[in-house]
Amino acid sequence: MTRGHAVWLLLATAVPGLLFAPVFGLWALVAPVVGVVVACYVVFELSLRFPALQPWRPLLALVAGALALVELALFDTTLSGLPTPTSLTRLAAGVTDSWQLTLQSTWPVRPDADLLLFVPLLVLFTALVGIELLRWPAAAVLPSLVLLLVSQSFIAVSGTVATLVALAYAVVVAGLFISPARSAVALTVGLSVVAGVATMAVPTGPAYSVRQNQFAQVPLPREVSPLAEVAARLSDPDTEVFRYTTDAPVDRWRLVVLDGFDGVTWTTSDRYRRLGAEIGPPTGTTVPTTQQSARVTVPGDGRWLPSQAMPTSVDGTVRPFVDQDTGALLLPERGGPVEYELRWREPVGDLTGLADAAVSSDVPTGDLGTVPDKITQLATTATKDARPTLRTALVLEQYLSENYKVATGSELPTGSGWTHLREFLQDTKRGTSEQFAASYVVLARIVGIPARLAVGYRAPREPVDGETVVRNKDVLAWPEVAVEGIGWVPLDPAGTASDAGPAPTKLAEVMAKARAELPPPNEKLPDPPVAAPEPVDEKRSWTGVGMLALWGLAGTLALFVVVLLGIPVTKLVRTARRKRFTGVRGVVGAWWEARDLLGAHGARITPGMTARDLAAVSGGSVVDSLHRLAVHLDTALWSGAGADEGTVMAAWKAVAEIRRTLAGRSIGARIRAVFVIR
């Protein structure tokens, strides 16, 4: 066990620790990971200089690593640089809570110590165990290999990054096995080629992550749904709800999105996560986007905060939860007015042909409850029995806006269950945006258009003194439909949001143009062009072969690992058992050990050969050791006095001399001897 081996081992431990970089950012991890690695090496160096410390090395490494973490990541918990009980409490939370908080957050997460502590703690534990196993390099590398698998279960690297990581890990592992640089080249190159080919040549699907089904346990507010408040807010139109300042085009603000419907109640999902540093574009959005921002001030104590469809970050004193699918922001513990800066994405670029875009096939249509009679026929009539596209969705919007009236006055209709919607659609044909939006969603779902219901506010047209004040009269419910490549597109069947906002968004402009190009209601809806079938990707035909190759490679690697570890481990266990023998068996066990050692190094040994026979055909300094072992065998087997503890120890001392002599052979000969089955 040398300093060089310790350095290679610690490097092999640091590499998988830094693979959490896509979760936290690389620079947030460098200081704590390097800190615990350096602390472990300092303890290792001290134990070499002062052998009395070696029995305490694991404990000293644990304390030194924890102290390094406190100084580097938890310095705010110290008193004049010294750890406090708070420091220990935060460290304990790093073991029990930080990994869960990380899984419940959007990625990349905020680089807070309370979230990332579990990574350097894992590195510390891995380095600590690895150093204690350094006498057996194959076993010492196992903890870092486990940490590598853990990091990939959080987020798997791919492509060029995966190749570079595989190369780096192969290099440090090769360095752990072989010290002379020239001898390390062959093994390093071999491992690198295997890792590179395995990473680049084998096609893989989306990587699994332990985070996929992990959401924050956030109790949804037990208060009146914003959808049920629409009529009440319209009855008190001048009350201020919130205000904002921005130079960005804003069409509307959202509070909640309701995608569940059982025929009576509209419900929202509970897929909330802690808002991390920044959220990327939603899955399935392929059009270019640009970032916008606004400063929002919200009085009162409502739990849902005004947001946009694709929020990216929130700066300020608030740390809201976010539903990435809907853009909704939730602050469960809110106790008063809040102010924050919201950043979000807006689709930009060329959206020509949006009207002919297909609705998303990856999004479920949604629940409907029990559909009343004649409503299905109404949905077919309203959409002209056309294929479900965005143009069909616009036709349905046009049908509602032209055949139904927006309710005004003091007697406003309420309710959005099937009872109220049937009355609205078939009898009164008068409602607020609540009935318009809910009716649109159920009719769209009947004809196969994935739709959901959003509740929030339209953007007032005129800002006052640089600030735009949103009041109760601006409350709005609207439907959204899922469109390929864009995501959820807002519609306006009530026609109450069409004149909102001092500057319409790019998407609102394109939608307005698409509405203007719709055919008259009495004309047949033209069939949108059908996209040509995608050419068959020859590579896809190799998917099955690729998977077989992947499994074959995995099986081969597994077998290689079993062989790599199984043979030396079996030999270690056998040697340990022989050393436990006492008396004559102890001396005979030493002879068996010497015989197997020399046989593994190429000595020709026959079944009836004695220690003196083996010495006669051997050369070098092992001859003297074999002769001494032969004397102890004679004493134990033929003197009639047996063998006491001293004789057994002397026999094993001869074996140790033989082992030291063989350790002077070339590195290749020693590696071959490790894997010879004897």
Just checking, Arg273 and Phe215: is the charged tip under 6.0 Å from the six-membered ring centre and within 45° of the axis? yes
Are the side chain of Ser105 and the backbone N or O of Leu101 linked by a donor-acceptor pair below 3.5 Å? no
Would you mind reporting whether Pro332 and Phe321 have side-chain heavy atoms less than 4.5 Å apart? yes
Any pair counted as salt bridge (charged side-chain N to carboxylate O under 4.0 Å, His left out), so long as it reaches residues 306-327, sequence neighbours left out: Arg271-Asp325, Asp315-Arg343
Scan for ring pair (Phe, Tyr, Trp, His ring centres under 6.0 Å) pairs involving residues 71-111, sequence neighbours excluded, and state none if there are none. none
Is there a side-chain contact between Thr102 and Val23, using heavy atoms and a 4.5 Å cut-off? yes
With Arg303, which of Leu329, Leu255, Leu330, Leu331 fulfils side-chain contact (heavy atoms from CB on, under 4.5 Å)? Leu330
All heavy atoms of Cys40 vs all of Leu10, minimum pair found to be CB-CD2, 4.1 Å
Any donor-acceptor N/O pair, Thr96 side chain to Ala92 backbone, under 3.5 Å: yes
Taking every non-hydrogen atom, the tightest pair across Asp114 and Ser98: O-CB, 2.9 Å
What one should report as the nearest heavy-atom pair of Gly65 and Leu124 is CA-CD1, 3.8 Å
Determine whether Leu148 and Leu19 satisfy the following criterion, side-chain contact (heavy atoms from CB on, under 4.5 Å), listing intermediate values before the conclusion. CA-CA 8 Å; Leu148 183 69; Leu19 286 182; 3.3 Å; yes
Side chain of Thr106, backbone of Leu275: donor and acceptor closer than 3.5 Å? no
Nearest 0.5 Å, please: how far is CD in Gln308 from OG in Ser293? 11.0 Å
So, for Ala64 and Val43, which heavy atoms are closest and what is the spacing to 0.1 Å? CB-CG2, 3.7 Å
Taking the side chain as every heavy atom from C-beta outward, state whether Arg345 and Pro281 have any pair of such atoms under 4.5 Å apart. yes
Out of curiosity, Ser307 OG to Leu342 CG, how far, rounded to the nearest 0.5 Å? 5.0 Å
Could you give the distance from CH2 (Trp344) to CE (Met310), rounded to the nearest 0.5 Å? 11.5 Å
Would you give the length of the straight line joining atom CZ of Arg452 to atom OG1 of Thr268, rounded to the nearest 0.5 angstrom? 9.5 Å
To the nearest 0.5 Å, tell me how far Ser144 OG sits from Leu149 CG. 9.5 Å
Criterion side-chain contact (heavy atoms from CB on, under 4.5 Å) on Arg578 and Trp652, from CA distance to verdict: CA-CA 10 Å; Arg578 287 171 175 173; Trp652 277 102; 3.8 Å; yes
Here the ring pair (Phe, Tyr, Trp, His ring centres under 6.0 Å) pairs for residues 152-174, sequence neighbours left out, are Phe20-Phe154, Phe118-Phe154
Ala140 versus Leu9, closest heavy-atom pair with distance: O-CD1, 3.5 Å
Please examine the side chains of Thr297 and Pro337, heavy atoms only from C-beta on, and report whether any two atoms are closer than 4.5 Å. no
Determine whether Tyr41 and Val7 satisfy the following criterion, side-chain contact (heavy atoms from CB on, under 4.5 Å), listing intermediate values before the conclusion. CA-CA 8 Å; Tyr41 180 77; Val7 171; 3.9 Å; yes
Would you say Ile279 and Gln324 make side-chain contact, with heavy atoms under 4.5 Å? yes
Closest contact, heavy atoms only, Val123 versus Gly17: CG2-CA, 3.8 Å
Pairwise distance CD(Gln291) to OG1(Thr312) - rounded to 0.5 angstrom: 4.0 Å
How about Thr575 and Glu593: does a side-chain donor come under 3.5 Å of a side-chain acceptor? yes
Count the heavy atoms belonging to other residues, nucleotides or ligands that lie under 6.0 Å from CG of Asp247, then report whether that count exceeds 12. no
Can you confirm whether Leu121 sits close enough to Leu69 that some side-chain heavy atom of one is under 4.5 Å from a side-chain heavy atom of the other? yes
Among side-chain atoms of Thr86 and Thr77, is any donor-acceptor pair under 3.5 angstrom? no
Passes side-chain contact (heavy atoms from CB on, under 4.5 Å), Leu305 versus Val296? Steps please. CA-CA 9 Å; Leu305 302 181; Val296 185; over 6 Å; no
Does any non-hydrogen side-chain atom of Val70 lie less than 4.5 Å from one of Ser87? yes
Looking at Arg574, Arg659, Lys571, which hits salt bridge (charged side-chain N to carboxylate O under 4.0 Å, His left out) with Asp596? Arg574
Do side-chain atoms of Arg334 reach the backbone of Gly336 as a donor and acceptor pair under 3.5 angstrom? yes
I'd like to know if the side chain of Thr326 and the backbone of Ala328 have a donor-acceptor N/O pair within less than 3.5 Å. yes
Any side-chain to backbone donor/acceptor pair from Glu341 onto Ala294? Under 3.5 Å, distance only. no
Would Arg57 and Glu45 pass as an ion pair if we require N to O under 4.0 Å? no
Student check: side-chain heavy atoms of Glu484 and Val363 closer than 4.5 Å: no
